[in-house]
Amino acid sequence: MPFEPGEVVAPGDPRIVLEGQWGHQPGVAITVNSGSRISFSFAGEWLQLLFDTDGLTIAPHLWITIDDGEPALHLVENPVIELSAPDGRHQVEVVVKDVNEHVNRWNPPFECAVVFAGLVLDVNSRLRLSGRPGGPRLEFYGDSITQGVRALSTEPESDGADGTVSYAYLTARAFGGTSYQVGFGRQGILRPGNGDVPPGVESFGWNFAGSPAERVEEPDVVVINLGVNDETLEPEQYADLVRRVRTAYPAATIVSLTPFNGKHNDVIQAAVKSVDDPRLVLVDSTGWITEADTTDGVHPSVSGHRTIADHLVTALETHTSLRRRP
């Protein structure tokens, strides 16, 4: 039976749940971060996901799951992705596997980004209201490791990357929480990231250039895992980022997670001490993983990310009010 267009649903419709770092422009919702999610429920057999692909030079990668099925990989190469399922009520989850780090993803118009333009339902399908995400709210700020780069293999492009196996994604899921996963390859506190992304101290608070990262609710916990890409780093420079996060989120617990290879460990410890903030926690990751837990000596493998997440979940239970989901 051919698809017969019915209701057109805008990205901002309350029946669509967007999780993660999304910026909004007329008619579209945009993310440049792996791990961002779209979820909704529909009754029927057919629908179409709409994307604006104008100007993209590299297609972002998505995982799309219907009900309890296996995630299916989709590259956003065309404006329409058609989904079908047996007639009935279905839950759909779309997760950004990777937004390529090597081309412009900061300054519109983008060369790689997920520009979600909404849904078109089949005439016999209906979108249902889904529950809003519950649980704690977590934000992660990091580099290529947080993004999930080279987690699957040493392939430097999107084929080797997967934000859904990143320690950040796994940690948020362990707590049943809502996650804002912000990872930019090559970025440091002071060092710009790949893809025209500014340094961490400048990009914090923005979805991308010209799009402030506005929050309906303050996060419960903010994890900072930056610094490994900075050749030099002074305590005051790290403390500057921490203070910016604190100004944005007065009540959140801020977790300074040291780089997994130990770089700038002493600097970060000194910075945390100098800030003298009772809701700022230092988590030392020394010894969490070894080179055997990486694909290339630097980037954690799938199992390496799992190991990091196990340690981080335990640390967050120790230092915050978060408790893992049963």
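Heavy atoms only: backbone and side chains are in, while hydrogens, waters and symmetry mates are out.
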Exercise for the section: Report the C-alpha distance between E93 and R37 in whole Å, list the side-chain angles of each, state the deciding distance to 0.1 Å, and finish with yes or no for salt bridge (charged side-chain N to carboxylate O under 4.0 Å, His left out). Expected result: CA-CA 7 Å; E93 181 177 87; R37 304 205 298 176; 2.6 Å; yes
Output yes when a side-chain donor or acceptor of [X] lies under 3.5 Å from a complementary backbone atom of [Y], and no otherwise.
X    : Y    : value
H74  : I64  : no
D230 : G188 : no
D143 : L226 : no

Practice task
Assess the side chains of N229 and Q187: does a donor N or O sit below 3.5 Å from an acceptor N or O?
Solution key: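 Q187 and N229 do not have a side-chain donor-acceptor pair below 3.5 Å.
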Handout entry: Between H299 and S144: side-chain donor-acceptor atoms closer than 3.5 Å
Key = yes
Problem - Minimum side-chain heavy-atom gap P79-T53 below 4.5 Å - result: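 Counting from C-beta outward, P79 and T53 do come under 4.5 Å.
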Pairwise distance [atom1]([X]) to [atom2]([Y]) - rounded to 0.5 angstrom:
X    : Y    : atom1 : atom2 : result
S36  : Y180 : OG    : OH    : 9.5 Å
N207 : Q25  : CG    : CD    : 10.0 Å
W288 : Y167 : CH2   : OH    : 9.0 Å
E139 : T178 : CD    : OG1   : 10.5 Å
L322 : T253 : CG    : OG1   : 7.5 Å
L121 : E45  : CG    : CD    : 13.0 Å

Handout entry: Residue among R89, R126, R128 satisfying side chain to side chain donor-acceptor pair (under 3.5 Å) with S41
Key =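 Of all the options given, the one that passes is R89.
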Scan [options] and name whichever one has a side-chain contact (heavy atoms from CB on, under 4.5 Å) with [X].
X    : options                : value
L257 : V223, I268, L282       : V223
F116 : T31, V76, I16, D52     : I16
V221 : L316, T171, I254, V281 : L316

Problem - Intermediate values then yes/no, salt bridge (charged side-chain N to carboxylate O under 4.0 Å, His left out), D310 and R306 - result: CA-CA 6 Å; D310 289 342; R306 235 180 352 248; over 6 Å; no
Handout entry: Verdict with supporting geometry, E19 and R137, salt bridge (charged side-chain N to carboxylate O under 4.0 Å, His left out)
Key = CA-CA 10 Å; E19 178 184 338; R137 301 170 67 84; over 6 Å; no
Practice task
Could you give me the CA-CA distance, side-chain angles and deciding distance for R324 and E317, then say whether salt bridge (charged side-chain N to carboxylate O under 4.0 Å, His left out) is met?
Solution key: CA-CA 8 Å; R324 74 189 75 199; E317 286 190 311; 2.7 Å; yes
Exercise for the section: For the pair F42 and H90, name the ring-plane relationship: parallel under 30°, tilted 30 to 60°, perpendicular over 60°. Expected result: tilted
